[in-house]
Asks: 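Before I ask anything, here is the structure I am working with.
In the text below, chain A, chain B and the rest are named by the order of the sequence lines, each starting its count at 1. This one's a predicted model, so the numbers in the text were calculated from it and none came from an experiment.
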Amino acid sequence: MQKTIKITLKDGKIIEETIEDREGIKLSLICQKIGKRLFEAAAAAKVNGRLTDLSDSIKEDSSVEFITYDNPEALPIFRHSAAHITAQAVKRLFPGTKLGIGPAIENGFYYDFDTQGRLTQDQIGKVEEEIKKIVEADYSFSFKEERKDAALQYFKDQNEPFKEELIKEIPESSVKIYTQGEFSDLCRGPHLPSTGKLKGFKLLNVAGAYWKGNEKNPMLQRLYGTAFPTKKELEEYLKNLEEAAKRDHRKLGKELDLFSIQELTGPGLILWHPKGALIRKIVEDYWREEHLNRGYDLVCTPHIARVDLWKTSGHWDFYKENMYRPIEVEEQEFMLKPMNCPFHILIYKTKRRSYRELPVRYAELGTVYRYERSGVLHGLMRVRGFTQDDAHIFCSPEQLETEMESCVRLALDLLRRFDFREFVISLSTGPYPSKAWELGLKPEELHQKLIGETSESARKGSVHRAITYQDIVDRFYPEKKNEFAGEKEEWIYAEETTAKVLEKVVLPQGIKPNIDIMGAAFYGPKIDIKVKDALGREWQCSTIQFDFNLPRRFDLNYIGPDGKEHRLYMVHRAMLGSFERFFGCLIEHYAGDFPLWLAPAQVKIIPIAERHHDYAYQIAKELKQNRIRAEVDDRGEKMQAKIRDAELEKIPYMIIVGDEEEKNKTVNIRKRKAQSDSKPLQTAQSLQEFIRDLKTALS
RNA sequence: GCCGGGAUAGCUCAGUGGUAGAGCAGCUCACUCGUAAUGAGCAGGCCGCGGGUUCAAGUCCCGCUCCCGGCUCCA
């Protein structure tokens with residue numbers, strides 16, 4: 001039986017094809033008919049909005065879009081195909097290897113294998129060689145739809161226990177098996193037409209990873225790599241990696257003498273050297289100033305407290321794993337604080353509070369200690385002792401919206417001061433259906449995001465009914481939903497208040513919040529703000545968290561206008577996060593090249609010869625009187641060497657003084673990074689002018 | 001914590017079971033210099049820590065500490 005089907009293309013053009021009813025027509029054929037160039041550039045196709053392989057066929061009227069290499073949607077296809085090719089290479093080199101999973105990830109892909117430990121870092125080169133052979137062989141990717149039991153048998157015969165496990169978890173009755181050359185793998189697809197299309201790939205490193213991320217499962221070897229449609233894009237990416245390595249805060253921290261972490265002190269404990277401490281002091285001053293201006297009160301609290309405090313707060317029961325063992329003093333047990341909140345609560349509770357004095361906002365640069373497993377520590381980013389820029393807001397329900405709004409504004413204002421321009425904001429919601437999530441995602445998108453990744457049928461679009469929040473909670477978090485503190489009404493009120501604030505403050509700035517469903521802490525929903533640094537990497541900084549738990553545990557209340565006690569709302573918030581992590585971010589964001597207001601030394605004065613030293617010190621004195629951080633380089637080095645060293649120290653300005661300057665009472669200014677091959681940026685001017693300019697730049 | 005890799009001078013790093021090395025930094029001396037490294041000399045080491053194998057260990061083996069890449073978690 002033959003029939004004619006209509007194919008609607010992306011540009012609206014409709015083509016008709018007459019096909020054999022049972023066989024349909026291959027997408028690659030359609031593509032080829034449209035044009036040779038399109039065919040060569042096509043990685044995959046989208047049929048009725050669903051991605052599929054070019055080797056797939058269609059049998060009915062459809063809308064078809066071809067995904068070419070330059071389309072961002074092609075990237076994951078490349079990477080996923082690269083993962084399969086990598087697996088093929090590894091299986092060739094290490095027979096008996098059992099396959100785990102091999103997905104595309106943000107900047108590349110990985111594949112997990114059980115090679116019985118044979119795959120190590122020094123084998124990467126060999127695997128790459130093998131991949132090259134596979135690419136050159138240009139095997140085509142093809143797939144077969146198999147019934148689950150047949151597929152199960154197949155992978156059993158292949159001795160692939162992980163694949164068997166995966167198939168058993170798939171709800172559909174059939175699965176797809178992709179083949180290129182002698183290699184076959186369970187996969188949802190789609191893939192490139194053939195292995196030869198993979199032009200730019202690179203294996204990056206090997207690491208251990210638990211099967212399904214669960215430490216009770218066996219440890220597999222994970223091979224990370226990346227892939228791009230062209231070599232050029234790959235090279236750009238690798239360059240970016242190099243740049244990131246250059247900016248590594250651990251490296252710059254050592255080079256610029258900012259901080260150290262030493263074996264004798266212990267892992268995850270930071271020693272701030274003078275220059276680092278100075279930058280921290282500048283940030284702290286700015287932070288305190290901003291908080292005082294915005295109605296916060298500063299408080300200070302101790303590092304240890306009796307264990308009873310932590311029992312009252314619940315940390316003893318629920319946070320014990322992250323706390324250090326008690327310290328015994330005069331037969332009483334004290335604990336190092338992992339958080340500041342209980343102390344702030346105690347200050348609040350020292351007297352009866354009237355609604356007239358709300359909101360109460362207590363802010364503290366509070367140093368806390370948390371036990372972190374040794375393997376997770378990382379420079380300044382993940383440590384065991386750190387100082388949070390913490391605050392707690394105690395307010396009435398009516399004040400919540402205003403308070404939230406000012407928190408979000410404060411966070412963005414502070415972060416922008418440090419030249420962060422892009423933000424990723426997410427709202428983490430709890431177990432009750434509030435309307436908050438509609439803010440970030442349309443129901444269909446939600447569908448794709450949540451169901452699409454886990455279920456084939458939803459991807460095919462067979463479930464089009466509107467999905468509800470409750471569906472998601474029930475389906476994905478069946479046990480977790482009972483672990484939450486607080487009343488349903490509180491949750492909904494808090495989430496909807498937050499949504500209102502995000503709508504008012506964040507959306508107009510062109511930032512679309514993410515909704516992290518069920519991402520809330522057990523005690524309340526939260527907003528997190530991540531910054532994107534100069535290289536586009538994301539760092540968690542601000543967090544604003546509701547707490548329905550502590551006000552109950554500590555019986556926090558206020559006296560309302562009706563003369564009765566009312567339950568207080570409490571908000572935890574940190575804007576920069578911790579000074580340690582934030583400092584690490586700043587170092588990487590600025591590549592160690594701190595802006596004038598943060599630079600530990602702002603001006604280096606370079607006398608050309610010894611006879612200019614007096615004049616140099618005179619200038620330094622005057623700069624210091626104007627609160628400008630200046631140093632004289634009075635070493636017996638050549639001027640050129642001093643300039644070089646000042647450049648390497650990344651000091652924003654140099655003042656070079658010699659006979660001419662001394663005679664004319666001027667200063668010769670060289671701005672950092674004014675390379676000798678560029679136009680000379682240095683100008684002679686009076687010191688007063690220079691000071692005025694700096695002050696303008698600093699204000 | 002687990003898997004893999006690593007630790008040699010202040011820093012960056014060579015080092016094949018047989019006398020511990022370089023460059024930079026440091027110190028001393030000379031040079032007093034015009035926009036990214038002046039030259040010479042000197043000094044600098046529990047080769048991460050502890051055991052073992054060996055005539056002999058920085059090198060081989062075992063244990064520990066710390067670091068790096070991940071897994072998991074988070075400020």
Side-chain angles (χ1 to χ4, degrees), chain A residues 110 112 114 117-123 204-224 248 250-251 254-255 257 260-268 321-322 338-340 366-368 370-390 521 528 539-543 545 572-582 584-585 606-613 636-648 654-661 668-678 680-682 684:
Chain A
Y110 67 79
D112 286 345
D114 179 7
R118 287 173 293 174
L119 180 66
T120 52
Q121 195 76 31
D122 50 335
Q123 300 294 314
L204 296 169
N205 49 21
V206 186
Y210 297 104
W211 170 236
K212 291 180 178 168
N214 186 335
E215 52 194 270
K216 290 187 185 107
N217 287 338
M219 168 86 54
L220 307 176
Q221 291 90 255
R222 174 171 296 181
L223 191 44
Y224 280 93
D248 191 311
R250 293 164 300 185
K251 182 172 171 281
K254 202 182 276 180
E255 283 172 10
D257 197 14
S260 63
I261 303 168
Q262 297 182 31
E263 202 168 330
L264 259 185
T265 352
E321 274 144 47
N322 289 290
M339 292 188 192
N340 303 303
T367 304
V368 297
R370 297 183 188 172
Y371 167 71
E372 298 281 358
R373 301 159 94 190
S374 55
V376 305
L377 300 172
H378 179 91
L380 294 173
M381 300 304 191
R382 194 66 188 276
V383 295
R384 284 182 174 161
F386 56 97
T387 302
Q388 287 181 305
D389 69 315
D390 207 1
D528 288 321
W539 304 100
Q540 164 86 48
C541 289
S542 316
T543 183
Q545 310 187 345
H572 308 252
R573 40 111 292 179
M575 306 279 90
L576 309 179
S578 84
F579 273 102
E580 284 73 10
R581 174 181 290 178
F582 191 67
C585 292
I606 297 174
I608 288 176
E610 220 171 301
R611 62 176 179 279
H612 310 119
H613 282 191
E637 292 290 340
K638 285 187 68 173
M639 175 205 63
Q640 281 88 337
K642 293 179 188 176
I643 289 174
R644 180 183 148 85
D645 290 342
E647 287 284 349
L648 293 177
M654 282 164 251
I655 287 183
I656 292 149
V657 291
D659 290 334
E660 266 185 58
E661 288 74 22
N668 187 322
I669 293 138
R670 177 186 162 117
K671 212 172 164 172
R672 182 176 130 66
K673 283 182 169 166
Q675 305 276 6
S676 48
D677 56 331
S678 66
L681 283 178
Q682 64 274 11

Asks: Taking any heavy-atom pair under 4.0 Å as a contact, classify A/D645: base, sugar-phosphate, or nothing.
Replies: nothing

Asks: Identify all pairs in which a protein N or O lies below 3.5 Å from an N or O of nucleotides 62-65 of chain B, and state each distance.
Replies:
{"from": "B/U65", "atom 1": "O2'", "to": "A/E263", "atom 2": "OE2", "distance (Å)": "2.9"}
{"from": "B/U65", "atom 1": "O2", "to": "A/E263", "atom 2": "OE2", "distance (Å)": "3.4"}

Asks: At a cut-off of 3.5 Å, list every protein nitrogen or oxygen paired with a nitrogen or oxygen from nucleotides 22-28 of chain B, distance to 0.1 Å.
Replies:
none

Asks: Taking the same atom, P, in B/U59 and in B/G23, what whole-Å distance lies between them?
Replies: 25 Å

Asks: Could you pull out all residues at least two apart from A/Q640 that satisfy side chain to side chain contact (heavy atoms under 4.5 Å, CB included)?
Replies: A/K638

Asks: For residues 376-388 of chain A, pull every pair meeting salt bridge (charged side-chain N to carboxylate O under 4.0 Å, His left out), keeping only residues two or more places apart or in separate chains.
Replies: A/E372-A/R382

Asks: Suppose you measure atom C1' in B/A40 against the same atom in B/U35; what distance do you get, rounded to whole Å?
Replies: 26 Å

Asks: When you measure from the side chain of A/E661 to the backbone of A/G658, do you find a donor-acceptor pair of N or O atoms at a distance under 3.5 Å?
Replies: yes

Asks: Please determine, for the side chain of A/R670, which listed nucleotide (B/A36, B/G1, B/C33) has the closest atom?
Replies: B/A36

Asks: Between B/U8 and B/C67, how far apart are the two C1' atoms, rounded to whole Å?
Replies: 15 Å

Asks: Applying side chain to side chain donor-acceptor pair (under 3.5 Å), can you list everything that pairs with A/N322, at least two apart in sequence or on another chain?
Replies: none

Asks: What distance separates A/F582 CZ from A/M381 CE, expressed to the nearest 0.5 Å?
Replies: 10.5 Å

Asks: Roughly, in whole Å, what's the span from CD in A/E660 to P in B/C33?
Replies: 13 Å

Asks: Please enumerate all residues that pass side chain to side chain contact (heavy atoms under 4.5 Å, CB included) together with A/K251, with sequence neighbours excluded.
Replies: A/D248, A/E255

Asks: With rounding to the closest Å, how many angstrom separate the C1' atoms on B/G45 and B/G5?
Replies: 25 Å

Asks: Taking the same atom, C1', in B/A7 and in B/C46, what whole-Å distance lies between them?
Replies: 15 Å

Asks: When the P atoms of B/G58 and B/U72 are compared, how many Å lie between them, rounded to an integer?
Replies: 41 Å

Asks: Looking at residues at least two apart in the chain, or sitting in another chain, which of them share a ring-ring contact (aromatic ring centres under 6.0 Å, His included) with A/H612?
Replies: none

Asks: Can you give the donor-acceptor pairs under 3.5 Å from side chains of residues 217-224 of chain A to other protein atoms, not counting sequence neighbours?
Replies:
{"from": "A/N217", "atom 1": "ND2", "to": "A/W211", "atom 2": "O", "distance (Å)": "2.8"}
{"from": "A/Q221", "atom 1": "NE2", "to": "A/T115", "atom 2": "OG1", "distance (Å)": "2.2"}
{"from": "A/R222", "atom 1": "NE", "to": "A/D112", "atom 2": "OD1", "distance (Å)": "2.7"}
{"from": "A/R222", "atom 1": "NH1", "to": "A/Y224", "atom 2": "OH", "distance (Å)": "3.2"}
{"from": "A/R222", "atom 1": "NH2", "to": "A/D112", "atom 2": "OD2", "distance (Å)": "3.1"}

Asks: So which nucleotide does B/U72 pair with, by the Watson-Crick or G-U wobble rule with both distances under 3.5 Å?
Replies: none

Asks: One character per nucleotide, please: for nucleotides 69-75 of chain B, 5' to 3', B when the base has a protein heavy atom closer than 4.0 Å, S when only the sugar-phosphate does, - otherwise.
Replies: BBBBBBB

Asks: Could you check which nucleotide pairs with B/C47 in any of the strands shown, counting Watson-Crick or G-U wobble with both distances under 3.5 Å?
Replies: none

Asks: Using purine N1 to pyrimidine N3 plus N6-O4 or O6-N4 for Watson-Crick, or N1-O2 and O6-N3 for G-U wobble, both under 3.5 Å, which nucleotide pairs with B/C66?
Replies: B/G6

Asks: Identify the nucleotide, in any strand shown, that forms a Watson-Crick or G-U wobble pair with B/G21, with both distances under 3.5 Å; if there is none, say none.
Replies: B/C13

Asks: Okay, side chain of A/N668, backbone of A/V657: is any donor-acceptor separation there less than 3.5 Å?
Replies: no

Asks: Salt bridge check, A/R644 against A/E637: does any charged N sit closer than 4.0 Å to a carboxylate O?
Replies: no

Asks: Which nucleotide, if any, forms a Watson-Crick or G-U wobble pair with B/C42, using both distances under 3.5 Å?
Replies: B/G26

Asks: Taking only the C1' atom of each, what is the distance from B/C74 to B/G50 in whole angstrom?
Replies: 35 Å

Asks: In the structure shown, which nucleotide is the Watson-Crick or G-U wobble counterpart of B/G34, with both distances under 3.5 Å?
Replies: none

Asks: Within the side chain of A/E647, is there an N or O that forms a donor-acceptor pair under 3.5 Å with the backbone of A/R672?
Replies: no

Asks: Distances under 3.5 Å only, N/O to N/O: pair up the protein atoms with those of nucleotides 11-14 of chain B.
Replies:
{"from": "B/U12", "atom 1": "OP1", "to": "A/K254", "atom 2": "NZ", "distance (Å)": "3.1"}

Asks: Name all residues meeting the salt bridge (charged side-chain N to carboxylate O under 4.0 Å, His left out) criterion together with A/D528; count only those two or more places apart in sequence or in a different chain, and write none if there are none.
Replies: A/K526

Asks: Keeping the roles fixed (side chain from A/K642, backbone from A/P607), state whether a donor-acceptor pair exists under 3.5 Å.
Replies: yes

Asks: Going by side chain to side chain donor-acceptor pair (under 3.5 Å), name the residues that satisfy it together with A/R581, two or more places apart in sequence or in a different chain.
Replies: none

Asks: Quantified in whole Å, what is the P atom distance between nucleotide B/G44 and nucleotide B/G21?
Replies: 13 Å

